[in-house]
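See below for the structure under consideration.
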Amino acid sequence: MKKNEKFVITINRELGSGGRTVGRLLATRLQVKYYDKALIEQLTKKFNLSAEEIERIKGQKKTWWNEFNNYYKVLNSTVMPMEAETVITTNILYNTEKEILTTLAKEESCVVAGRSGFLVFRDHPNHLNVFIEASMEHRIERLVRKKNIMRQEAIDIINKVDKEREIFIQKYEDTSRYDTRNYHLIINMDELSEEGAVDVIMSYINAQTE
């Protein structure tokens, strides 16, 4: 991936691994936009977007883009809630999310955190796919701490989300989110801080562009 050209970095992650934070910190380090599922859902609600509506407003992109940027700044200044078991499951919502992301990525470089990013941008001419993972114990401890819940509840949430995310991917493609061939870089968070993971990704990017 060439960081001096328009690029997209996708962060697929296991719940409780810290991947969302890694994505946000990476976007800040690169000084580009950051998008995740929660943000896209907020944008969809705000602008009442559908795949068909996005096609219609592409002809009015400048006006919509300015309004979007203003709203994005408001959303990004607020701490978004940590994702739990909410999963998009319908074709309509999946296609809408895909259209929003591809439209935004045409405007400027960005970091996208979400289970479908590596699929949406697999044919992008300048992209990097990253998978953030961690041991089950690491994920449980982080979820317990972040959401202030009991250990068994954290285990139940992780198992449920893992299953639903895998089903989601297999619904649209004949692959697994755990297939390493879908990614350029895989990072285990057991011995890394979020900032440390960003350092690893930046080192990889710099090595590719040297």
Side-chain angles (χ1 to χ4, degrees), residues 9-47 71-90 93-94 96-97 100-101 110-118 120 129-171 176-178 183 185-202:
I9 299 176
T10 71
I11 306 290
N12 199 9
R13 79 278 187 205
E14 293 183 309
L15 180 67
S17 66
R20 169 179 281 180
T21 302
V22 171
R24 188 179 294 280
L25 292 174
L26 178 63
T28 299
R29 186 86 65 91
L30 290 167
Q31 298 183 315
V32 300
K33 294 287 180 63
Y34 167 81
Y35 304 114
D36 62 15
K37 185 178 73 67
L39 180 63
I40 294 301
E41 286 181 348
Q42 288 296 315
L43 291 170
T44 303
K45 292 176 183 177
K46 166 66 178 178
F47 294 101
Y71 189 64
Y72 175 90
K73 291 175 183 177
V74 173
L75 284 180
N76 222 30
S77 65
T78 305
V79 177
M80 301 299 290
M82 187 174 182
E83 182 179 1
E85 63 266 41
T86 302
V87 178
I88 294 175
T89 57
T90 69
L93 288 177
Y94 172 77
T96 298
E97 181 182 79
I100 291 173
L101 289 174
C110 58
V111 174
V112 176
R115 64 206 169 280
S116 62
F118 73 93
V120 173
N129 292 337
V130 181
F131 186 69
I132 306 293
E133 64 174 11
S135 66
M136 178 60 85
E137 192 59 36
H138 178 99
R139 299 168 67 192
I140 294 169
E141 290 179 359
R142 191 173 191 276
L143 210 59
V144 166
R145 184 176 69 254
K146 289 286 186 178
K147 296 184 69 64
N148 192 28
I149 58 178
M150 300 298 291
R151 177 182 174 86
Q152 188 57 52
E153 185 179 357
I155 294 172
D156 292 343
I157 291 174
I158 288 171
N159 288 335
K160 184 175 187 292
V161 172
D162 282 353
K163 181 179 179 179
E164 288 179 338
R165 287 181 175 174
E166 183 67 2
I167 290 172
F168 178 89
I169 292 299
Q170 293 181 353
K171 178 178 180 179
S176 166
R177 62 195 296 264
Y178 298 107
Y183 310 102
L185 185 62
I186 299 173
I187 300 176
N188 183 282
M189 296 296 293
D190 285 4
E191 304 296 331
L192 277 178
S193 66
E194 286 86 357
E195 286 283 2
V198 173
D199 290 338
V200 171
I201 298 172
M202 290 299 299

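Because the structure is predicted, anything quoted here is derived from the model rather than measured. Just so it is clear, the values below take in all heavy atoms, side chains as well, and ignore hydrogens, waters and symmetry mates.
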If you compare all heavy atoms of Asn188 against all heavy atoms of Leu192, which two are closest, and at what distance to 0.1 Å? O-CD1, 3.8 Å
For a 4.5 angstrom cut-off between non-hydrogen side-chain atoms, does Ile149 reach Ile157? yes
Would you say Asn12 and Asn129 make side-chain contact, with heavy atoms under 4.5 Å? no
Any Thr21 side-chain heavy atom under 4.5 Å of Arg142 side chain: yes
Side chains of Arg29 and Ile201: does their closest heavy-atom pair fall under 4.5 Å? no
Hey, is CD on Glu191 packed in by over 12 heavy atoms from elsewhere, all under 6.0 Å? no
Side-chain touch Val144/Ile140, heavy atoms, less than 4.5 angstrom: yes
Sidechain-backbone polar pair: Arg13 side chain, Gly18 backbone, donor-acceptor under 3.5 Å: no
So for atom CD, which belongs to Gln152, do other residues, nucleotides or ligands contribute more than 12 heavy atoms lying within a distance under 6.0 Å? yes
Could you grab the distance from atom OG of Ser17 to atom CD1 of Ile132, nearest 0.5 Å is fine? 6.5 Å
Val32 vs Ile9 side-chain heavy atoms within contact, under 4.5 Å: no
Measuring from atom CD of Glu14 to atom CZ of Arg139, what distance do you get when rounded to the nearest 0.5 angstrom? 4.0 Å
Over all heavy atoms of both residues, which pair between Leu26 and Val198 is shortest? Give the atoms and the distance, please. N-CG2, 3.8 Å
Parallel, tilted or perpendicular for Phe118 and Tyr183, by the 30°/60° rule? tilted
Is the closest side-chain heavy-atom distance between Ile155 and Met136 below 4.5 Å? no
Would you compute the distance between atom CD1 of Ile158 and atom NZ of Lys160 and round it to the nearest 0.5 angstrom? 13.5 Å
So, does Tyr34 use its side chain to make a donor-acceptor pair with the main chain of Arg20 at under 3.5 Å? yes
Arg177 backbone acceptor or donor facing Glu166 side chain under 3.5 Å: yes
